[in-house]
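So you know, we letter chains A, B, ... as the sequences are listed, proteins then strands, and number each from 1.
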Amino acid sequence: MRKTIYTDPSIQSSEITPEPVFLNRRQLMKSAGGLASAAIASSMASAKASTEALVYAPAGDRSLEDQLTPFKAVTSYNNFYEFGTDKDDPARYAESMTIDPWSVKVGGLVNQPGQLHLEDLLTGFDLEERIYRFRCVEAWSMVVPWVGFPLSDLLRRFEPKSEGRFVEFKTLYRRSEMRGTRSFTGVIDWPYVEGLRLDEAMHPLAFIAVGLYGKTLPHQNGAPVRLVVPWKYGFKSIKSIVEINVTEAQPRTSWQTLQPAEYGFYANVNPDVDHPRWSQGFERKLPSSVFRPNRVRTLPFNGYADQVADLYAGMDLRRDY
Amino acid sequence: MTTEGRRRSWAGLLELLRQALRAGQLAPPWLRSTFIALLCLSPLAWLLWALMWDQLGPDPAKVLMKGTGEWALRGLALVLLATPMAKSGWPGLFRYRRMLGLLVFLYVTLHLILFAQVYVGWSATLLFEELQERPYVLVGFTAWLTLLPLALTSTHRARRALGRSWRQLHRLIYPATVLAWLHLLWLSRSDWGEALVYGAVLGGLLAWRVRRWQH
């Protein structure tokens, strides 16, 4: 029996875009614009369903490169309570979150309030890679190669007013797509809110990530856009941001509101201030194993003290934890 | 699967279970207790198998801590269920109370060893610090300490030697249950669901005893 395949006579086969090229049109366009990167070659090979390769400037500081946490660990062990409180819940359930279309509303005390859409975030800024330590308040840590741009680049575009002192961030809250927010016994008041002092937010290390390991963020890591503040505990690095406001008053952040004795507004990594639940003097650097737990000493400001300690000059960090 | 099909497969499963129980009653006692012991050890076997084949993710200790802790609580519920069931005409479980109790102690001890290995690195100073500063660690450790004399006096000889005070000593299972549940409650951070479910089951089993003592 002969098989017949339907072909549209008006389209020649030479005109059909090969799938990898179609999927990667974004960086092809960008590379044409002159922002070429070694990432293109690898991106052509792997066009996975949900993440897309990005074009970015390679990290300048590569001192942590040999300590990178494997991609699988970074994307299978997450805290994203909107999808459940177990570490593997986000990888299992976050796929249900719609990330395209996406927009981030930027407002509050700014001269140019407005919105950023997914395309603006992925192509409207000069993307670069940053290899950062990531320290969770639960005493585990990772080293992650993020892709994104400095938070200050974003804020400057909207021109914060002089009376602005803080920046507030909000995560998407969509009950229908986030099973964790539908829990009857949960006590977090959604949406998840985080905040920084404006000078912290303008610090060159404060980073907006749109990708990791060279590709757009997987859902469980806070797709499509998240904050990364490497000298603070991980819960400050809010995921899947939909709103950014410059404010005069200190934002009411989620964990601090829930348990003020346990979580401070600053939440700087500090081995000398213990959390009531976890000793902060050590961390398990993942991947960890039972026989080799990989416990290492935690560094003040997660190893970024040289660069950020000035922000807190004159403050009592035992009180303002 | 259709509703009808699902109902039929449930009925089939129930029938299978009934036949298995009947066959079990014919089996010699040693075979029955071996079977029950293996059944109770299967969660542990599964965890160890997954650990060996690297199926527990980047932080296996965390999964093992959670697993051993939760199965210990479930086992505790089973132990506490034995008496109410026996009083209601189901003596089956009652015969295996000691074995179940010892298995609970095994899970709790593994839980503690894991904590020492992974979280405090066998440092006495750090362990002391954890006990002092973190109430849930103190409460959990106290629960283990409470179970320790029960495990040590579980032999027939100890039971005979202790006479009437053996029964009194073994009432320590009740404060141990309360401590174990407090340990879980204190670990809850943003969702109380799990602590509430365990609280309802364990609380119910303890309440049954309080009611009986009052009569």
Quiz item: How about Tyr174(B) and Trp213(B): are their ring centroids closer than 6.0 Å?
Solution: yes
Quiz item: Using non-hydrogen atoms only, which part of Lys72(A) is less than 4.5 Å away from chain B: side chain, backbone, both, or neither?
Solution: neither
Quiz prompt | Structural part of Asp86(A) lying under 4.5 Å from a heavy atom of chain B | solution = side chain
Exercise. Keeping the roles fixed (side chain from Ser183(A), backbone from Gly180(A)), state whether a donor-acceptor pair exists under 3.5 Å.
Key: no
Quiz item: Which residue out of Glu138(A), Gln259(A), Met142(A) racks up the most heavy-atom pairs below 4.5 Å with chain B?
Solution: Glu138(A)
Quiz item: So which of Ile188(A), Asn294(A), Leu286(A), Thr69(A) has the largest heavy-atom pair count under 4.5 angstrom toward chain B?
Solution: Leu286(A)
Quiz item: Under a 4.5 Å heavy-atom cutoff, which of Ser188(B), Pro135(B), Gly57(B), Ala61(B) has the most pairs with chain A?
Solution: Ser188(B)
Self-check item: Between Tyr263(A) and His275(A), ring centroids under 6.0 Å
Solution: yes
Self-check item: Aromatic ring proximity Tyr77(A)/Trp140(A), centre distance under 6.0 Å
Solution: yes
Exercise. Against chain B, label Ser76(A) side chain, backbone, both or neither, depending on which of its atoms sit under 4.5 Å from a heavy atom there.
Key: side chain
Practice problem: May I ask you to name which of Val137(B), Val118(B), Leu196(B), Leu114(B) has the most heavy-atom pairs under 4.5 Å with chain A? | Solution: Val118(B)
Self-check item: Cation-aromatic face contact Arg277(A)/Trp186(B), 6.0 Å, 45 degrees
Solution: no
Quiz item: So what's closer than 4.5 Å to chain B heavy atoms on Trp278(A): side chain, backbone, both or neither?
Solution: both
Quiz item: Is the Tyr321(A) to Tyr266(A) ring centre distance short of 6.0 Å?
Solution: no
Quiz item: Quick one: are the ring centres of Tyr233(A) and Phe134(A) less than 6.0 Å apart?
Solution: no
Quiz item: Is chain A contacted by the side chain of Glu129(B), its backbone, both, or neither, given a heavy-atom distance below 4.5 Å?
Solution: side chain
Quiz item: Looking at Trp71(B), is Arg74(B) sitting on its ring face, NZ or CZ under 6.0 Å from the six-membered ring centre and within 45 degrees of the normal?
Solution: yes
Exercise. Check whether Glu130(B) gets within reach of chain A through its side chain, its backbone, both or neither, counting any heavy atom under 4.5 Å.
Key: side chain
Self-check item: Greatest number of heavy atom pairs closer than 4.5 Å to chain B - which of Ser279(A), Ser289(A), Pro293(A)
Solution: Ser279(A)
Quiz prompt | Region of Leu258(A) in contact with chain B, defined by heavy-atom distances below 4.5 Å | solution = side chain
Quiz item: What part of Thr85(A) is in contact with chain B, defined as an atom under 4.5 angstrom from a non-hydrogen atom: side chain, backbone, both or neither?
Solution: side chain
Quiz item: For Phe184(A), is it the side chain, the backbone, both or neither that has a heavy atom under 4.5 Å from a heavy atom of chain B?
Solution: neither
Quiz prompt | Region of Leu56(B) in contact with chain A, defined by heavy-atom distances below 4.5 Å | solution = neither
Quiz item: Is the Tyr304(A) to Phe301(A) ring centre distance short of 6.0 Å?
Solution: no
Quiz item: Is Arg252(A) paired with Glu194(A) through a side-chain N to carboxylate O contact shorter than 4.0 Å?
Solution: no
Practice problem: Identify which part of Val63(B) has an atom lying under 4.5 Å from any heavy atom of chain A, answering side chain, backbone, both or neither. | Solution: neither
Exercise. Measure Arg284(A) against the heavy atoms of chain B and call it side chain, backbone, both or neither at under 4.5 Å.
Key: side chain
Quiz item: Under 3.5 Å, is there a donor-acceptor pair between the side chain of Asp54(B) and the main chain of Ala50(B)?
Solution: no
